[in-house]
Amino acid sequence: MAFISSGYNPKEPMKDRITDIGPRKYDEFYPPVIAKNKGKWLYHEYLQPGVYVHVSETGDEVYTVRVGGARLMSVSHIREICEIADKHCGGYIRFTTRNNIEFMVDSKDKVQPLVDDLMGRKFSGGSYKFPVGGTGAGITNIIHTQGWIHCHTPATDASGPVKATMDVLFDDFRDMRLPAHLRVSLACCLNMCGAVHCSDIAILGYHRKPPMLDHEYLDKMCEIPLAIAACPTAAIKPAKVELPGGEKVNSVAVNNARCMFCGNCYTMWGDGIVIMAGGKVSNRISAPKFSKVVVAFLPNEPPRWPKTTETIKKIVEAYANDARKYERLGEWAERIGWERFFEKCELEFTHHLIDDFRDPAF
Amino acid sequence: MPKHETPMLDQLETGPWPSFVSDIKQEAASRAKNERNVEFQIPEDVCDDLLGVLELSYKHGRTHWKHGGIVGVFGYGGGVIGRYCDQPEMFPGVAHFHTMRVNQPGGKFYSTEYLRQLCDLWEFRGSGITNMHGSTGDIIFLGTTTPQLEEIFYEMTHNLNQDLGGSGSNLRTPSDCIGQARCEYACYDTQALCYDLTQTYQDELHRPAFPYKFKFKFDGCPNCCVASIARADISFIGTWRDDIRIDQEAVQAYIGGELKPNAGAHMGRDWGPFDIQKEVIDLCPTGCMWMDGKELKIDNKECTRCMHCINVMPRALRIGNDRGLSMLVGAKAPILDGAQMSTMLVPFIKAEEPYDDIKEIIEKIWDWWMEEGKNRERLGELMKRQGFQKLLEVTELQPDPRMVQEPRSNPYIFWKEEEVEGGWSRDINEFRKYHQR
């Protein structure tokens with residue numbers, strides 16, 4: 001593994017340096033049918049789950065085939081996406097905000113061969129590489145965070161619970177039977193990099209033990225005033241601590257009762273999952289809503305998180321059976337009342353669900 | 001023979017949904033085989049060790065990554081996130097495993113030629129594992145070593161004409177919906193505005209000078225596909241202020257069943273014949289629609305542009321022609337007082353190049369936040385602490401009932417001296433002439 005220089009010279013970092021150039025410009029990457037019809041689209045229509053057409057005032061059409069992606073992707077997988085896009089789509093591709101991949105073709109006869117090709121590709125373990133679906137009144141891909149694959153504060157994994165949940169919800173990824181679309185999101189700790197707080201169903205990793213204190217190293221490794229300032233509930237204060245050897249060091253003390261386990265100050269355990277429900281971001285019919293906590297804690301159960309996926313499935317089925325057409329999960333819950341929501345979803349209402357952090361909700 | 005046994009992860013290879021475990025194994029095998037004769041600049045078995053450390057997390061129920069050390073590229077304060085494994089002896093391939101954020105193109109459109117260039121670079125100088133894409137929108141390169149950071153940056157800027165994204169207390173990589181590129185609902189060119197502001201504010205994006213992170217997100221219409229209203233410090237949401245365009249023939253085609261409501265989005269179940277009264281008119285949140293014989297009527301002045309009727313009948317109803325956007329401010333997800341949704345600051349503004357009016361408002365907001373914001377205080381939190389009225393003052397915007405859900409229900413108004421006739425200073429002796437002690 002010999003080091004190969006890019007041309008960068010560490011002794012002269014400013015030599016030929018290029019900075020502040022920003023991203024590549026979007027229109028370099030438009031497929032021709034998009035470049036030609038931008039701003040001229042008249043309407044769209046779903047043809048089958050995962051397939052929809054947009055029709056332009058020029059008469060042009062673009063057929064989009066949407067497939068689920070794992071978000072965590074290897075370059076081998078991306079190269080396979082490129083191979084498919086070269087074969088069917090003239091060498092262009094796009095991704096959606098929810099980590100789906102969209103293959104676009106400019107005529108209807110190109111759709112079925114593309115769908116067949118995508119659905120025919122499987123990983124060695126048996127899962128689909130490119131399942132077609134995720135459109136309309138169904139369940140699309142889960143927005144999620146890093147979890148144990150890369151993050152330093154997660155209370156649960158991300159890719160694992162997402163895989164397990166999407167396996168359980170797969171039929172609804174491939175169908176459009178629900179009263180409205182249903183968005184599932186996951187954030188692996190309450191910093192919520194996944195912004196799960198406005199999702200129909202949110203899976204949230206949560207710590208339940210206050211931080212551990214490594215007094216011997218604390219002052220050497222972190223700025224104590226910053227650690228104190230990082231606490232949103234002012235639970236951390238400076239403290240002088242005597243180490244077992246008699247040495248006195250600067251450290252901090254934590255008021256455990258005030259800790260809400262955000263992880264800003266770092267390292268806490270007792271982890272598991274919170275399920276939230278009833279949020280949305282669209283302004284359609286009713287204003288955007290926050291997700292509400294409906295299950296305060298479920299244990300982490302790697303590798304497949306069965307209690308989490310069972311709970312989600314129960315909520316989805318209760319909603320599918322009972323909500324009116326166009327009604328989002330949160331609108332349904334508000335119409336029938338939260339008492340009925342817990343009854344129909346067969347969830348227990350515990351004292352943890354009564355807000356004592358922000359506004360009292362009683 | 002795999003380097004590490006992964007019995008728990010192996011259970012995530014079955015089931016229909018794409019398995020990230022199978023994919024990482026595929027990459028591990030590809031690196032071991034190395035058919036392209038790549039001179040890997042980080043350990044060849046990085047993916048094996050990544051699976052190994054993940055399996056250990058599955059066993060322990062805890063992460064094995066730690067933050068630490070400031071890593072980055074010269075002159076930038078963001079775009080790279082330092083990451084180290086807390087079991088480096090067991091998993092040397094991922095001992096240093098830094099993240100690089102790469103600013104994605106607007107609408108997340110790619111040519112395969114460009115995607116392959118990214119793949120080649122990342123296979124050569126990194127783990128070959130990515131996120132397409134991170135939550136903020138960037139292309140995420142997951143896992144490389146410190147000496148490779150400058151090399152990757154050099155190759156990206158010199159050969160790929162590509163820059164890093166944001167991280168830390170700076171402008172985070174802005175992101176947009178597909179917009180007019182392929183959506184008939186888009187009220188402005190989200191990609192054009194996103195790109196323009198990204199280029200204009202490169203300094204703010206790369207060099208942290210803010211109290212905390214700051215996010216721009218661009219939604220072409222109130223359906224909010226990029227969730228700007230939930231997570232952006234400034235949400236740019238497309239809207240219009242004239243009339244919804246109606247094609248009465250198409251309305252009749254929906255009523256007659258020739259056209260499928262909601263563009264066919266409900267085809268997975270038999271919901272019975274379409275009922276325009278029940279499904280559109282009665283669900284309109286402001287009740288501004290009615291049938292006049294065979295004509296659909298809309299009292300456009302009362303419409304709040306929630307998009308429901310347009311979503312249900314996209315071939316009959318179209319967004320108006322006098323288009324622009326609303327600017328909402330202050331959304332964020334977690335902690336402190338909890339999540340906040342964006343709140344309306346500018347009900348309507350035209351989105352036309354060079355976007356000077358929009359930039360003027362952005363910069364006034366930043367001036368205030370940079371002056372007054374505390375360390376790690378998001379804009380929405382400063383707005384709560386100092387009040388929305390203060391924001392109006394610094395942006396020099398006029399108050400408008402559209403900015404509030406309802407007027408205040410307490411009368412405890414903090415009058416300013418200049419608002420009160422005669423000011424606050426009075427002569428006590430003059431007062432005493434008329435009022436005994």
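Because only heavy atoms are used, hydrogens play no part in the values below, and waters and symmetry mates are left out as well, while side chains stay in.
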Tell me, for Ser111(B) versus chain A, whether the close heavy atoms (under 4.5 Å) come from the side chain, the backbone, both or neither. both
Could you look at Cys183(B) and say if it's the side chain, the backbone, both or neither that has a heavy atom under 4.5 Å from chain A? backbone
Need one label for Gln104(B): side chain, backbone, both or neither, based on atoms under 4.5 Å from any heavy atom in chain A. backbone
Are Glu184(B) and Lys40(A) ion-paired here, with the side-chain N under 4.0 Å from a carboxylate O? no
Top contributor to chain A contacts, counting heavy-atom pairs under 4.5 Å, from His206(B), Glu155(B), Met267(B): Met267(B)
Glu80(A) side, atom CD; Cys119(B) side, atom SG - distance, nearest 0.5 Å: 12.0 Å
Where does the angle between the aromatic ring planes of Tyr185(B) and His44(A) fall among parallel (under 30°), tilted (30 to 60°) and perpendicular (over 60°)? perpendicular
Answer yes or no: is there a donor N or O on one side and an acceptor on the other, between the side chain of Trp65(B) and the main chain of Ile149(A), under 3.5 Å? yes
Hydrogens and angles aside, do Ser76(A) and Gln26(B) bring a side-chain donor and acceptor to less than 3.5 Å of each other? no
Do the side chains of Arg116(B) and Asp86(A) get close enough for a salt bridge, i.e. N-O under 4.0 angstrom? yes
Is Glu102(A) salt-bridged to Arg182(B), going by a charged N under 4.0 Å from an acidic O? yes
For Asp120(B), the side chain to side chain contact (heavy atoms under 4.5 Å, CB included) test, sequence neighbours excluded, returns Arg79(A), Arg36(B)
Is there a donor in the side chain of His152(A) and an acceptor in the side chain of Thr63(B), or the other way round, less than 3.5 Å apart? no
Atom CD of Gln191(B) and atom OH of Tyr30(A): how far apart are they, to the nearest 0.5 Å? 3.5 Å
So is Arg71(A) actually on top of Phe20(B)'s ring, under 6.0 Å and inside 45° of the axis? no
Verify the distance criterion only: is there a donor paired with an acceptor across the side chains of Asp20(A) and Gln199(B) at less than 3.5 Å? no
Treating Lys163(A) as the side-chain partner and Thr14(B) as the backbone partner, does any N or O pair qualify as donor plus acceptor under 3.5 Å? yes
From OG (Ser286(A)) to NE2 (His308(B)), nearest 0.5 Å: 11.0 Å
Under the side chain to side chain contact (heavy atoms under 4.5 Å, CB included) test, which residues partner Asp10(B), sequence neighbours left out? Thr6(B), Glu13(B), Lys25(B)
